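Scroll down for the structure; my scribbles are underneath it.
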Amino acid sequence: PASNVLRGKIVGILCKSVCACNMNPQSVMVIHDCVFGESAGLYTQQQGMQFAVHILRHAESLEHIAPAIIRHSLRLLETSEGNAHMNALRGFAYQCLGQIAQRDPDALQDQALDLMRACFDALQKEPPGVRASVQEAVNCLSYCFKRQTSEEGRIRVRELVEGYTKSDNGSVRQAALQWMVWIFDFSDSFARHTCISMTSDVNMNISDLALEGLDKDKVVSYQKAKFQQDVDACMPNMNDMLETIFKKNPKILEGADLIL
């Protein structure tokens, strides 16, 4: 068998090949052997995960590739936690999950909520060198939820995202606000109330984004460009908006009898 150095060089060449992206299941076998093979070293592991990212970006279809790479990425994140030497590999794993979420969101549907929690939490825990890949994965995971049609599912996502908008970590708050702006239609009173609340955030980037989230034309234009689909361009229902405001700010109703 080839040495790790030779294997790494071969995989490095494959990372420049579009043809190799569509050679399945051989390409997935190469990734597994590089990352989890008996003689796998750090160099070949990095090359293997880089090859995985390359495949996910350029393969014509991810139907037969995505499940295996999801398993490899999750296993790598689980087994390498806390190991600083594995930071580059962890970054590649997050990139893989993000690419799959963007190109084939249906492949992640069963794990989307758990991945969402894990990635938002990782924004707080991962070192700076990995955090950029986590941010990419968080952004891409929004593709899994934009098409959420059940009211129960939308409520669960809203509740989770709302929790992250209250984080002490600015990166987490900003990512959560981006989800509110990206995923929910402009007519969603809950999302618009969140934008109103976050216009006073101490982080200027967040407060500016919150103001953009109150601009219907910007929200509709951005969602159309990001998701390549028609979106609801209606204003929030006034009764729904007032109900949300009173629910989130019950003190407003103190002394309401005097007003009503």
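Heads up: numbering here begins at 1 and tracks the sequence. Keep in mind the model is a prediction, meaning the values are calculated, not measured.
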Do F120 and I155 sit in the same hydrophobic cluster, where Ile, Leu, Val, Met, Phe, Trp and Tyr count as joined when their side-chain heavy atoms come under 4.5 Å apart? no
For F186, enumerate each residue passing the side-chain contact (heavy atoms from CB on, under 4.5 Å) test, keeping only those at least two apart in sequence or located in another chain. R192, K216, V219, M235, P236
Given side-chain contact (heavy atoms from CB on, under 4.5 Å), test Y94 with C119 step by step and report yes or no. CA-CA 8 Å; Y94 285 118; C119 287; 4.3 Å; yes
More than 12 heavy atoms of other residues, nucleotides or ligands under 6.0 Å from CG of D168: is that the case? no
Looking only at heavy atoms, what is the nearest atom pair of W179 and S142, with distance? CZ2-N, 3.6 Å
Going by distance alone, is a donor N or O of one side chain under 3.5 Å from an acceptor N or O of the other, for Y164 and N169? no
Sequence neighbours excluded - salt bridge (charged side-chain N to carboxylate O under 4.0 Å, His left out) pairs with any residue from residues 234-243: none
Quick one: which residue pairs count as a salt bridge (charged side-chain N to carboxylate O under 4.0 Å, His left out) with a foot in residues 23-52, not counting sequence neighbours? R7-D33
Just wondering, do T199 and I206 contact through their side chains at under 4.5 Å, heavy atoms? no
Can any side-chain N or O of N24 pair as donor or acceptor with the backbone N or O of Q26 at less than 3.5 Å? no
Residue pair L89 / M86, side-chain heavy-atom distance below 4.5 Å: yes
With sequence neighbours left out, what residues match F190 under ring pair (Phe, Tyr, Trp, His ring centres under 6.0 Å)? none
Would you find a donor on one side and an acceptor on the other, under 3.5 Å apart, between the side chain of D185 and the backbone of S187? no
Are E212 and V181 side-chain neighbours, meaning at least one heavy-atom pair lies under 4.5 Å? no
Hydrophobic cluster identity match, F51 and V5, side-chain contacts under 4.5 Å: no
From M29 CE over to M23 CE, what is the distance, rounded to the nearest 0.5 angstrom? 11.5 Å
Verify the neighbour count for atom NZ of K9: are there more than 12 heavy atoms of other residues, nucleotides or ligands below 6.0 Å? no
Qualifying residues under side-chain contact (heavy atoms from CB on, under 4.5 Å), relative to C34, sequence neighbours excluded: V11, V30
Across all chains, not counting sequence neighbours, the side-chain contact (heavy atoms from CB on, under 4.5 Å) partners of L160 are L113, M116, R117
Counting C-beta onward and ignoring hydrogens, is there a side-chain heavy-atom pair between I70 and L74 closer than 4.5 Å? yes
CG on D106 to CD1 on I100, rounded to 0.5 Å: 12.5 Å
To the nearest 0.5 Å, what is the distance between CE (M198) and CG (L211)? 11.5 Å
Find out whether Q124 and S167 are in side-chain contact, i.e. whether some heavy atom of one side chain is under 4.5 Å from a heavy atom of the other. yes
Q174 vs N205, test: side-chain contact (heavy atoms from CB on, under 4.5 Å). Steps then yes/no. CA-CA 8 Å; Q174 184 168 349; N205 291 330; 4.0 Å; yes
Roughly how far, to the nearest 0.5 Å, is the CD1 atom of I55 from the CG atom of L62? 10.0 Å
Might you point out which heavy atoms bring V138 and L123 nearest each other, and give the distance in Å? CG2-CD1, 4.1 Å
Salt bridge (charged side-chain N to carboxylate O under 4.0 Å, His left out) involving R131 - partner list, sequence neighbours excluded: none
If only atom types and distance count, is the side chain of T44 paired as donor or acceptor with the main-chain N or O of G41 below 3.5 Å? yes
Any idea which heavy atoms bring C144 and Q109 closest together, and the distance? O-NE2, 3.1 Å
Check the pair Q45, F36 against side-chain contact (heavy atoms from CB on, under 4.5 Å), reporting the backbone distance first and the verdict last. CA-CA 8 Å; Q45 287 180 317; F36 298 113; 5.5 Å; no
By side-chain contact (heavy atoms from CB on, under 4.5 Å), S73 pairs with (sequence neighbours left out) M49, I69, A93, C96, L97
When every non-hydrogen atom of R90 is compared with those of S80, the smallest separation belongs to NH1-OG, 2.9 Å
If you round to the nearest 0.5 Å, how far is NZ of K248 from CD1 of I245? 12.0 Å
For F227, all residues meeting ring pair (Phe, Tyr, Trp, His ring centres under 6.0 Å), sequence neighbours excluded: Y143
Could you tell me whether E162 and K166 make a salt bridge, using a distance below 4.0 angstrom between a side-chain N and a carboxylate O? yes
In the structure I gave you, are the side-chain heavy atoms of D188 and R158 within less than 4.5 Å of one another anywhere? yes
Write out all pairs satisfying salt bridge (charged side-chain N to carboxylate O under 4.0 Å, His left out) with one or both partners inside residues 169-182, taking only residues at least two apart or from two chains. R173-D201
Evaluate the side-chain contact (heavy atoms from CB on, under 4.5 Å) criterion for residues Q135 and Q178: first the C-alpha distance (whole Å), next the side-chain angles of each, then the deciding distance (0.1 Å), finally the verdict. CA-CA 11 Å; Q135 182 68 65; Q178 287 172 332; 3.8 Å; yes
Can you hop from I31 to Y43 via hydrophobic side chains spaced under 4.5 Å? no
Going only through I, L, V, M, F, W and Y residues with side-chain contacts under 4.5 Å, is there a path from V53 to L42? yes
Which heavy atom in M180 sits nearest to a heavy atom in A191, and how many Å separate them? O-CB, 3.8 Å
M241 atom CE: more than 12 heavy-atom contacts under 6.0 Å: yes
Provide the closest heavy-atom pair for A122 versus V134 in the form atom of the first, atom of the second, distance. CB-CG1, 3.8 Å
Tell me whether K247 at atom NZ has more than 12 heavy atoms from other residues, nucleotides or ligands lying less than 6.0 Å away. no
For H58, what residues pass the ring pair (Phe, Tyr, Trp, His ring centres under 6.0 Å) criterion, not counting sequence neighbours? H54
At what distance, to the nearest 0.5 angstrom, does CD of E126 lie from OG of S133? 9.5 Å
State whether the side chain of S17 and the backbone N or O of A20 hold a donor-acceptor pair below 3.5 Å, judged by distance alone. yes
Is there any salt bridge (charged side-chain N to carboxylate O under 4.0 Å, His left out) pair reaching into residues 52-72, and which pairs are they, with sequence neighbours excluded? none
Are I196 and M238 linked, directly or through intermediate hydrophobic residues, by side-chain heavy-atom contacts shorter than 4.5 Å (ILVMFWY only)? yes
Centroid-centroid under 6.0 Å between F145 and W182 rings: no
